[in-house]
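The structure under discussion appears below in the form of C-alpha cells.
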2 protein chains.
Amino acid sequence: MSFSYEFERPGLTVDGVIFGLDLDEENLQVVLVERDVEPFEGMWALPGGFVRNGESLEDAAMRELREETGIKDVFLEQLYTFGKPNRDPRGWVVSVAYYALVAPDQHHLLATTDARRAEWFPVNKLPKLAFDHAEILQVALQRLRGKLTYAPIGFELLPDKFSIRQLQTLYEIVLGQKLDNRNFRKKIFSLDVLKELNEIQTGVAHRAARLYKFDERKYKQLTRQGLTFEI
Amino acid sequence: MSFSYEFERPGLTVDGVIFGLDLDEENLQVVLVERDVEPFEGMWALPGGFVRNGESLEDAAMRELREETGIKDVFLEQLYTFGKPNRDPRGWVVSVAYYALVAPDQHHLLATTDARRAEWFPVNKLPKLAFDHAEILQVALQRLRGKLTYAPIGFELLPDKFSIRQLQTLYEIVLGQKLDNRNFRKKIFSLDVLKELNEIQTGVAHRAARLYKFDERKYKQLTRQGLTFEI
DNA sequence: CCTGTTAAGCGTAAAAATAACGCTAAGCTA
DNA sequence: TAGCTTAGCGTTATTTTTACGCTTAACAGG
C-alpha cells in the first residue's frame, strides 16, 4: 500500500539522546545503538525512528527509545528539530530530537527492533556517529549543561534517594568544574526543595552521608510563589 | 503531479511568532495574519506555511514570514515542534514553530500570499486564533521571558541605537515588573556589553538620554572568557 | 525669562549572597 | 586502636543586590 500526496512531504523521525550518570566512574554517559540497516549499517547512532500517524511526537520518542534500548518511563524533553536538506541519504527526512534523563536503576539496556545492540558510552569517549547525530548530541549536551542550572532536572539522573555529595558530583561532572562542598550544601539547602530522609548511606568506606529526596510538590509551590531554582 | 510513499507521511509546516516592541504604548506586540483559505478562513493566525523540499527549516520560516508579512532579515530562532495528533483539520500536519524579534524600524507589514492582511496586536489583547496558535504563542512568550534574562536577545527588539531607559522599559514590559532605574543602569553597565555613542536622544520632553549600541563582538569575547549575561 | 516639572544619571548604605577556608565528628580499614 | 577520608557545621571577607537620595539637565508654560 502506498500513500499519495499532492505535494512532496518529508519523512519524520524522532531521535533520542539518553543521558545517564555513572557515579562510580564519575562520568556522564549516553546510549548509542548499533544500526543493523542501511544507511550507516554497523555504525553507532542515537536511538530513534519514524513517527507514526496518530501518535504525538513525545509518544513516538518514548516508543522508539523503549523499542531500541528497553528504556522506558524516563524524563523526556524535546530538544530541537533538525531539518537541513540532505541530512539523510534516504531523502527528505526531518528529525525531532529529544533528550532523556535516566536514573541509575533504569540503566539496563535491551536492544530490540532496528538495533543490533545498545550500549552506554561516556560522553567524552564516543565513536563516530551516523547521520548528524554527533551534532544532535552536542546540542543536547549544551542544553543539559544550561538547564541544569535553572531547572531541577538533575534529580532525574540520580537515584530517588541520594546524598548531597552525589548531587554535587552530578553538577561537577556535567558542568565540568569543581565546587566547594561546604558552599554547595549551603546553597542547595537554601533552595528548600529537598526532603531529608531518616536514612543514611550504607556500604560506604567512610562517614555515611544523609539521604534526601527531591520534593517536587514543594518545588512547584515555591515556583508558583515566584521563587526560582538557580545553581 | 503527486508523490507516493510506502509509509504515511505528515505535512510539515513552519509557524512564526513575530514579536515587536511598541515603546510609546509600552507593550509587546505580535504579528497576526488573517487567513483567506480554509480551514479557519477569516480567522487570525500566526504566519506560516508548508516547508518545501530542499530548504532548511529556518529558510522556510524566514520565507513564510517574508511572504505573509513583508518582514525579513530579523532575528529568528526555533521554538518548539508541535505534533499532537489532530492538531490540523486537514490531516496529519506537524509544525516547527519559530519566534522572531523585530526592531521598530522593521515593523512595516505587507500582507501578500495566503493572507488577506497582517497586523500588529498587543499580546494582552489578542483575538481568538486558528489551529493551536494560541498555545504556540504562549510557549513563545514564556521562551522570550526566560531567555531575555540569560541571553542578549532583547537588543533585537530595540532600535540599533537605544537609551538605557528604553532597554529598561523593554525588560519591564516583557517581564511584567517595575525595575529601579538606578540599579538597572548599574547592572547593565556592569555587564560591559554596551558601546556608548557620542549622541543623545532628540525630540524628547525632558533631559535627553545618552544613546548606546549593543557590542556583539565584546559580548562574544566575554562569553568565550566564561562570563555570562544575566539580568 | 523664570518657574515648575520630569527624567537622566551619579551616588551611598544596608542587606543578602557568594567565595574561601577551618575544623570536628563519624566511621571504616588495617 | 590509630590512621585516613568524608560529612557536615561553621566563620569571615568580598561581591552583588536592593533601596533610596539627590543634583543636573532640559523642555514647557506663563
Can you tell me how the ring of B:Y219 sits relative to the ring of B:F229, calling it parallel under 30°, perpendicular over 60° and tilted otherwise?
perpendicular
Could I get the full list of side chain to side chain donor-acceptor pair (under 3.5 Å) partners for [X], not counting sequence neighbours?
X      : value
A:K186 : none
B:N181 : none
B:K220 : B:E216
B:T169 : none

Write down the protein N/O and nucleotide N/O pairs, taken from nucleotides 27-30 of chain D, whose separation is under 3.5 Å; answer none if there are no such pairs.
residue, atom, partner, partner atom, Å
D:dC27, O4', B:A205, O, 2.9

Under 3.5 Å, side-chain donor or acceptor atoms of residues 69-79 of chain B against the rest of the protein: list the pairs with distances, not counting sequence neighbours.
residue, atom, partner, partner atom, Å
B:T69, OG1, B:L65, O, 2.5
B:T69, OG1, B:I71, N, 3.1
B:E77, OE1, B:K147, NZ, 3.1
B:E77, OE2, B:Y99, OH, 2.8
B:E77, OE2, B:K147, NZ, 2.9
B:Q78, OE1, A:T81, N, 2.6
B:Q78, NE2, A:T81, O, 2.9
B:Q78, NE2, B:Y98, OH, 3.4

Using a 4.5 Å cut-off on heavy atoms from C-beta on, say whether the side chain of [Y] contacts that of [X].
X      : Y      : result
A:W44  : A:E119 : yes
B:F131 : B:R35  : yes
B:P152 : B:V193 : no
A:F82  : A:V139 : yes
B:V102 : B:V31  : no
B:D22  : B:I173 : no

Roughly how many Å is it from [atom1] in [X] to [atom2] in [N], rounded to a whole number?
X      : N      : atom1 : atom2 : result
A:I188 : C:dA19 : CD1   : C1'   : 16 Å
A:F184 : D:dT6  : CZ    : P     : 17 Å
A:Q201 : D:dG8  : CD    : C1'   : 13 Å
A:L167 : D:dG8  : CG    : C1'   : 15 Å
A:K178 : C:dA19 : NZ    : P     : 16 Å
B:Q166 : C:dA7  : CD    : P     : 14 Å
A:N181 : D:dC9  : CG    : C1'   : 11 Å
B:R185 : C:dT12 : CZ    : P     : 16 Å

With B:R182, which residues qualify under side chain to side chain contact (heavy atoms under 4.5 Å, CB included), at least two apart?
B:D180
Check residues 197-208 of chain B and write down every donor-acceptor pair under 3.5 Å in which the side-chain atom is one partner and the other belongs to a residue at least two apart or another chain.
residue, atom, partner, partner atom, Å
B:E199, OE1, B:K161, NZ, 3.3
B:E199, OE2, B:K161, NZ, 2.8
B:Q201, OE1, B:A209, N, 3.2

Between the opening five pairs and the closing five pairs of the helix from C:dC1-D:dG30 to C:dA30-D:dT1, how far apart are the helix axes, to 10°?
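Computed from the C1' atoms at both ends, the axes differ by 10°.
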Should B:E135 and B:R87 count as an ion pair when the cut-off is N to O under 4.0 Å?
no
At a heavy-atom distance below 4.0 Å, what parts of residues 190-200 of chain B sit against DNA chain C?
none
Can you sort out which residues in residues 219-231 of chain B have a heavy atom within less than 4.0 Å of DNA chain C? Ascending by number, please.
none
Could you walk me through whether A:Y150 and A:T228 pass the side-chain contact (heavy atoms from CB on, under 4.5 Å) test, one step at a time?
CA-CA 8 Å; A:Y150 66 88; A:T228 60; over 6 Å; no
May I ask you to evaluate whether B:R210 reaches the phosphate of D:dA25, defined as a side-chain N or O under 4.0 Å from OP1 or OP2?
no
Please write out the pairs of protein N or O atoms and N or O atoms of nucleotides 10-13 of chain D separated by less than 3.5 Å, giving the distance to one decimal.
residue, atom, partner, partner atom, Å
D:dG10, O6, A:K186, NZ, 3.2
D:dT11, O4, A:K186, NZ, 3.1

